[in-house]
Amino acid sequence: MRRPGRSRYTGRTRTGAGVRLRPMPELPEVETVRRMIAGVVVGARVASARAIRRAYVIGSATPRALLADGVIESVRRHGKQLAIVADDGRSLGVHLGMTGGLRVLAPGEPTPGHTHVEWDVETDSGHRRVVMADARRFGGVWTFASFEELRRRRWATLGPDALSIPDDEFADRLGRTRRAVKAALLDQRLLAGVGNIYADESLHAAGVHPGHPSARLSRARARRLGRAIRWTLDRAIAAGGSTVRDYRDPTGVEGAFAAAHAVYGRAGAPCLRCGRRLRSGVISGRTTVWCGSCQRGPDSRRA
DNA sequence: AAATGGACCTGGTGGC
DNA sequence: TGCCACCAGGTCCATT
């Protein structure tokens, strides 16, 4: 039942009592991970911590550096980056890469494959094991003595978060680069949080061709794209929150999350707005899907 | 400045 | 069934 080119959204999902966080690393998924992890660990004491694969941790990988004996004060996010902050300031930077995921295991649940770091936390409702698993290991865990240091070393180069950037600032930033607008959206220094899926989805929602030179978008269209990004991310967070928990079996009904995609993974299928076949190509080194009819660009004849 | 291509890794999929 | 090429949500680097 899969359409050609359809992405594998189901990820790795199993039944079980534990809270499962599927590895899916764009802003809405990272935000979903943040909320779920925060709900479990904020206020909890870290009884022990351990790096199973030393190289996955950047910086000191001692139990203390990994927050052992600390109490988790907050779990924060900027773009696709996470920070887990203890009440004495010790902080972990967490990046999920392509396949990374934080998971809260149910009691007795076996350690998932590709687990590189594990924590034992004492929550109000008892002990929980939290693990970081990442098959491809593009992600990582960074250790810092303070959140300020984390911010300086890990977040300083990131642009404003895509969820909270004002439209005017977004338009200003787009106006400063002549790259294809899709390349601009993927540049985390310009805007933090948008990845390949949401770049395509937002561009379609705004009616902007991915190859349109960024600085040549009108102010109105740039602002419109900014609104489209927020609209798309907000919807994805809402849908992601429900999809992560509720297992959908791979042969049956699609989750709300996948169903929400207008273009990503739908190359060759009809545009949901105008019915024409969606096109695909490579822009900025990434597979890109767009509607040559709905998305106005600099070169609509080849679109 | 920006485009391209490769590297980093593993696993799933589809073709033969 | 097996083997193999290809592809994947993200960065990071070297080269043009």
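Side chains included, hydrogens not; waters and symmetry mates left out as well; all remaining heavy atoms used.
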- Item | Pairing partner (Watson-Crick or G-U wobble, both distances under 3.5 angstrom) of B:dG12 |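 Here B:dG12 is engaged in a pair, and the nucleotide opposite it is C:dC6.
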Interatomic distance at [atom1], [N] relative to [M], whole Å:
| N | M | atom1 | value |
| --- | --- | --- | --- |
| C:dT1 | B:dT10 | C1' | 22 Å |
| B:dG6 | C:dC6 | P | 12 Å |
| B:dG5 | C:dA8 | P | 15 Å |

Take the protein atom [atom1] of [X] and the nucleotide atom [atom2] of [N], then report the distance between them rounded to whole Å.
| X | N | atom1 | atom2 | value |
| --- | --- | --- | --- | --- |
| A:Leu102 | C:dG9 | CG | C1' | 16 Å |
| A:Tyr56 | C:dT11 | OH | C1' | 13 Å |
| A:Asp200 | C:dG9 | CG | C1' | 12 Å |
| A:Arg266 | C:dA8 | CZ | P | 17 Å |
| A:Arg286 | C:dC7 | CZ | P | 14 Å |
| A:Leu190 | B:dA2 | CG | C1' | 13 Å |
| A:Arg153 | C:dC12 | CZ | P | 14 Å |
| A:Leu96 | B:dC8 | CG | C1' | 17 Å |

- Aromatic-base stack, A:Phe138 on B:dC9, cutoff 5.5 Å, angle under 30: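 Here the ring of A:Phe138 and the base of B:dC9 are not stacked, as the 5.5 Å and 30° limits are not both satisfied.
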- Item | side chain to side chain donor-acceptor pair (under 3.5 Å) assessment of A:Ser293 paired with A:Arg276 | CA-CA 7 Å; A:Ser293 175; A:Arg276 305 228 172 97; 2.5 Å; yes
Taking the side chain of [X] as heavy atoms from C-beta outward, which of [options] is closest to it?
| X | options | result |
| --- | --- | --- |
| A:Arg137 | B:dA3, B:dG11, B:dC9 | B:dC9 |
| A:Ile197 | C:dG9, C:dC12, B:dC9 | C:dG9 |
| A:Arg179 | C:dT11, B:dA3, C:dG10 | B:dA3 |
| A:Met98 | C:dG9, B:dG11, B:dA3 | C:dG9 |
| A:His95 | C:dT11, B:dG11, C:dG9 | C:dT11 |

- Cation-pi between A:Arg76 and A:Phe147: NZ/CZ under 6.0 Å from ring centre and within 45° of the ring axis? yes
- Task: Is it possible for you to check whether A:Arg154 lies under 6.0 Å from the centre of the six-membered ring of A:Trp142, through NZ or CZ, and within 45° of that ring's axis?
- Result: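 Judged by the rule (NZ or CZ under 6.0 Å from the ring centre, within 45° of its axis), A:Arg154 counts as positioned above A:Trp142.
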- Test item: A:Arg286 and A:Asp200 side chains (from C-beta on) under 4.5 Å apart, heavy atoms: no
- Base of C:dA8 paired with side chain of A:Arg136 (donor-acceptor, under 3.5 Å): yes
- Take atom CZ of A:Arg273 as the centre, draw a 6.0 Å sphere, and report whether it contains more than 12 heavy atoms from other residues, nucleotides or ligands. yes
Taking only N and O in the side chain of [X], is any of them less than 4.0 Å away from OP1 or OP2 of [N]?
| X | N | result |
| --- | --- | --- |
| A:Tyr264 | C:dG9 | yes |
| A:Lys80 | C:dG10 | yes |
| A:His114 | B:dC9 | no |

- Select from A:Gln188 and A:Thr287 the residue whose nearest nucleotide in DNA chain C is closer to the 5' end of that strand. A:Thr287
- With sugar-phosphate meaning primed atoms plus P, OP1 and OP2, does A:Gly285 contact a base, only sugar-phosphate, or nothing at under 4.0 Å between heavy atoms?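 The residue A:Gly285 makes no contact with any strand.
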- Salt bridge check: are A:Arg219 and A:Asp168 linked by an N-O gap of less than 4.0 Å?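 Judged by the 4.0 Å cut-off on N to carboxylate O distance, A:Arg219 and A:Asp168 do form a salt bridge.
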